[in-house]
Participant: 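The structure that follows is given in the form of structure tokens.
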Amino acid sequence: MTLLSGHDIEFSYHQRPVLTNISLTVPEGELVGIVGPNGSGKSTLLKLLAHQEPLRHGRIELKQRPLTDYGTRELARELAFLPQRPLIPAGIRVEQLVQYGRHPHQGWLSQWSEEDRQQVAAACEAMQLEDLLHRPVADLSGGQAQRVWLAMILAQNTDLVLLDEPTSALDIGHQTEVMEAIHRMTASGKTVLIVLHDLAMAARYCDRLLALADGSIAAAGPPREVITKPLIDRLYQTDVDILQAPGDGAPIIVPRRQAFDSPTARKS
Amino acid sequence: MSNSAPNALPYQGPSDCWHLRVGRWSVLLHRRAWLVTLAMTVLLVLASLVALSIGSAQLTIADAWHTLLGQGNRLQEVMVFKIRLPRLLAVIVAGAALGLSGCLIQTLVRNRLATPDMVGVNEGATLAIVLFSLYLTAGSWPWWASPLGASLAVAALYTLCRNPGEQGYLFVVIGIALTELFQALGDFLMSTQSLVHLNSLYLWTMGHFAGQGYSVLAPVALCLLALCPLLAWLVRPLSALPFGTATAQGLGVNVNRLQLLILTLAILVAALGTAIGGPVIFIAMAAPILASKLVRNGPVPVWIAALAGALLLVLSDTLVRVLAQPTEVPTGIMTRFLGGILLLFLLIQDRRRVD
């Protein structure tokens, strides 16, 4: 079943078109990655889908209902959004940050319920934060901090989760740590839409990829269909080899050095 | 790692809050915030008693206390109720208003330097009052003109910087320029008048609390009280703003509406605070910083900032009264002096962090 769909989405910034003619569907329960070169409009698309930017042209529907019909709070109970670089409030500790995920479910006179406690506990357990609960978030490693943010998103208890480059600026170990955590989110039934910079990570973890080029969709489908030499060459204007990973056969992209087309060229 | 127990318990609920539950209603009370509130209230009461007892005729603190309870002699009653109490209450209300409004604007702009006295709100209010009292309302004190001036000042600021949540630095710098502009205009207006007319107005523009009666204090205090329910309602969403616009919006906070409400509220509160004793600087910056240092990581400490503002202004005012005896020196000069030191300290601290 389709959870989120967009039809004919267009967006311009200062009269410069950023996105043109985008239509997409996100099926329930899948991990969908948005990939593409810098400036292709990945983050803008995600922000529009999260209703962080007002949509001026086109239609976005969440659970067959236009996004614009949802109130801010109501939407926050259906859709959780993590921006690329969220700010960490001064002095905040892990436990407090995760509790903020419950914000859209709470009110002035219902500030804490058993449901809140269970959701926060489950989120902390899923992201393996039990030992970090009382630590200041600012003191954590990049991977740990990202897990704390994901726990906040989990505590929000929404069916749909949108993440903007959650692995950027992390080394490969921390990237894996975070991607594993995101994978666990989909395994528990959530639908996750994620902007990714790293094609290898995207190919390895996503059920489906959406490749953007110059503000429109260049390809969409399972990673093995999307990550092909002609497309990657065109998207990134480069020359790559695509290998198959041992084990799961996920595509691995290796850029060629332009001066070394043949092995003999190296010696000259 | 020192905080984590070897066998971490499953999560039990907010460990830093008392959880109050009545039927279907539940409220979280941040433990540290409430203890600080309690301590700050006690300090404010003590400072107030000292302020009431000190002066040209000395009372003991016990005398001041008994007089307040209606057990003083005639002379003590005149001294406390007619002279010292109005001034003390004026100082408390103005200090609380400034501390509160400073906390709101600092949170909104996410910059410690963004306070009503830095971004032109107080000077706009001052300019309006100077203008009205010189040309339009000769004689009566136009305290109600102050929100008008402050709103115009912020309208100008908002036109020049549309997104205070994301462009905090720009917001502050433009605000400083506007402050200078308004101050120059006010000074120019006053310099065209003969000195005899100016005396009290001039002292007021420096932040002066001597000779306060209830005529301005009462309506201002009522207006401020009327704003409190709105503020109480806004504290919860306000606490999500330090995460930045995108995250706060994602957590279900209507950020645009909240920013507008908070800014409006901050302007009104700052303008009302200014109307009493003039543009007293430093309180609006120091009180929220002190409050958040004490509370550390609870919800945005708007009420504690108000208490801290009242406490700091009572202390400054008492200090100025003791030091300047028997003459009257504007309280604003003392706060300006302390404020300069604080600003230097903060800037040096910020530079160390960058280095």
Side-chain angles (χ1 to χ4, degrees), chain A residues 47 50-52 71-77 79-93 95-114 116-118 120-125 129-137 149 152-153 156 162 164, chain B residues 1-30 32 107 110 112 165-166 232-237 239-258 292-293 295-300:
Chain A
K47 278 181 200 150
H51 209 239
Q52 289 269 331
T72 316
R73 225 166 95 94
E74 192 188 2
L75 187 63
R77 291 188 215 137
L79 178 162
F81 170 71
L82 187 62
Q84 204 175 122
R85 274 179 224 92
L87 300 173
I88 301 172
I92 198 166
R93 291 174 304 108
E95 176 203 350
Q96 289 175 307
L97 201 152
V98 180
Q99 282 159 20
Y100 268 98
R102 300 305 298 162
H103 196 269
H105 301 272
Q106 297 165 333
W108 220 93
L109 284 171
S110 52
Q111 297 184 1
W112 194 254
S113 65
E114 177 55 23
D116 291 332
R117 192 196 65 77
Q118 284 172 6
V120 173
C124 291
E125 199 190 322
L129 298 175
E130 287 94 337
D131 293 331
L132 304 174
L133 283 179
H134 301 288
R135 297 265 301 274
V137 180
W149 288 111
M152 181 182 96
I153 295 296
Q156 211 170 323
L162 307 185
D164 195 354
Chain B
M1 293 304 272
S2 59
N3 281 335
S4 57
N7 292 317
L9 281 169
Y11 174 78
Q12 294 296 317
S15 64
D16 50 3
C17 295
W18 286 302
H19 184 196
L20 222 70
R21 180 184 287 282
V22 184
R24 0 194 317 267
W25 294 336
S26 67
V27 177
L28 288 180
L29 304 176
H30 192 263
R32 208 177 152 87
T107 311
R110 274 188 267 112
R112 293 187 295 180
E166 304 293 324
W233 179 60
L234 290 178
V235 170
R236 243 180 65 79
S239 296
L241 273 194
F243 286 103
T245 311
T247 313
Q249 185 101 17
L251 289 173
V253 175
N254 188 334
V255 174
N256 285 332
R257 193 183 65 186
L258 179 68
S292 53
K293 281 221 162 32
V295 177
R296 282 202 206 136
N297 53 21
V300 176

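A, B, ... follow the sequence lines: proteins, then strands. Residue 1 opens every chain.
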Participant: With rounding to the nearest 0.5 Å, note down the distance linking CD in A:Gln96 to CG in B:Asn297.
Facilitator: 4.0 Å

Participant: Top residue by heavy-atom pair count (under 4.5 Å) with chain B, among A:Ala121, A:Ala122, A:Gly71?
Facilitator: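 Heavy-atom pairs under 4.5 Å are most numerous for A:Ala121.
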
Participant: One pair to check against side-chain contact (heavy atoms from CB on, under 4.5 Å): B:Val27 and A:Leu109. What are the steps and the verdict?
Facilitator: CA-CA 6 Å; B:Val27 177; A:Leu109 284 171; 4.3 Å; yes

Participant: Between A:Gln118 and B:Tyr11, is any side-chain donor less than 3.5 angstrom from a side-chain acceptor?
Facilitator: no

Participant: Which heavy atom of B:Gln12 sits nearest a heavy atom of A:Arg117, and at what distance?
Facilitator: O-CD, 3.2 Å

Participant: Stepwise, does the side-chain contact (heavy atoms from CB on, under 4.5 Å) test hold for B:Cys17 with A:Trp112?
Facilitator: CA-CA 11 Å; B:Cys17 295; A:Trp112 194 254; over 6 Å; no

Participant: Step through the shown structure and confirm whether more than 12 heavy atoms of other residues, nucleotides or ligands are within 6.0 Å of CZ on A:Arg73.
Facilitator: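 For A:Arg73, atom CZ is crowded (more than 12 foreign heavy atoms under 6.0 Å).
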
Participant: Please lay out, stage by stage, how A:Thr72 and B:Arg257 fare under the test side-chain contact (heavy atoms from CB on, under 4.5 Å).
Facilitator: CA-CA 11 Å; A:Thr72 316; B:Arg257 193 183 65 186; over 6 Å; no

Participant: Let's go through A:Leu87 and B:Phe243 carefully: what are the C-alpha distance in whole Å and the side-chain angles of both, what is the deciding distance for side-chain contact (heavy atoms from CB on, under 4.5 Å) to 0.1 Å, and is it a yes or a no?
Facilitator: CA-CA 5 Å; A:Leu87 300 173; B:Phe243 286 103; 5.5 Å; no

Participant: What part of A:Ala50 lies closer than 4.5 angstrom to a heavy atom of chain B: side chain, backbone, both or neither?
Facilitator: neither

Participant: Measure distances from B:Arg236 to the heavy atoms of chain A and classify the residue's part below 4.5 Å as side chain, backbone, both or neither.
Facilitator: both

Participant: Just checking B:Arg21: does its CZ atom have more than 12 heavy atoms from other residues, nucleotides or ligands closer to it than 6.0 angstrom?
Facilitator: yes

Participant: Check each atom of A:Ile92 against the heavy atoms of chain B and say whether the ones under 4.5 Å are side chain, backbone, both or neither.
Facilitator: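 Backbone plus side chain of A:Ile92, per the 4.5 Å heavy-atom cut-off to chain B.
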
Participant: Between B:Val253 and chain A, with a heavy-atom cut-off of 4.5 Å, which part of the residue counts as in contact: side chain, backbone, both or neither?
Facilitator: both

Participant: Name the member of A:Pro104, A:Cys124, A:Pro89 that forms the most heavy-atom pairs with chain B at distances under 4.5 Å.
Facilitator: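 It is A:Pro89.
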
Participant: Side chain, backbone, both or neither: which part of A:Gln106 has an atom under 4.5 Å from a heavy atom of chain B?
Facilitator: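 Both parts, backbone and side chain.
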
Participant: Drop me the distance from B:His19's NE2 to A:Ser113's OG, to the nearest 0.5 angstrom.
Facilitator: 8.0 Å

Participant: Using every non-hydrogen atom in the two residues, find where A:Ala76 and B:Gly250 come nearest and quote the distance to one decimal.
Facilitator: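 That would be CB-O, 3.4 Å.
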
Participant: When you check the side-chain N and O atoms of A:Glu95 and B:Ser15, is any donor under 3.5 Å from an acceptor?
Facilitator: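 There is such a pair (donor and acceptor under 3.5 Å, judged by atom type) between the side chains of A:Glu95 and B:Ser15.
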
Participant: Answer yes or no: are there more than 12 heavy-atom neighbours, outside B:Trp25 itself, under 6.0 Å from its atom CH2?
Facilitator: no

Participant: Closest approach of A:Pro86 and B:Thr247, non-hydrogen atoms and distance?
Facilitator: CB-OG1, 3.6 Å

Participant: How many angstroms lie between atom CG of B:Leu29 and atom CD of A:Gln111, to the nearest 0.5 angstrom?
Facilitator: 7.5 Å

Participant: Report which part of B:Ser292 has an atom under 4.5 Å of a heavy atom belonging to chain A: side chain, backbone, both, or neither.
Facilitator: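 Neither; nothing under 4.5 Å.
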
Participant: Sort out for me which of A:Met152, A:Arg77, A:Arg93, A:Glu114 touches chain B most, counting heavy-atom pairs under 4.5 Å.
Facilitator: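 Among A:Met152, A:Arg77, A:Arg93, A:Glu114, the one with the most close pairs to chain B is A:Arg93.
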
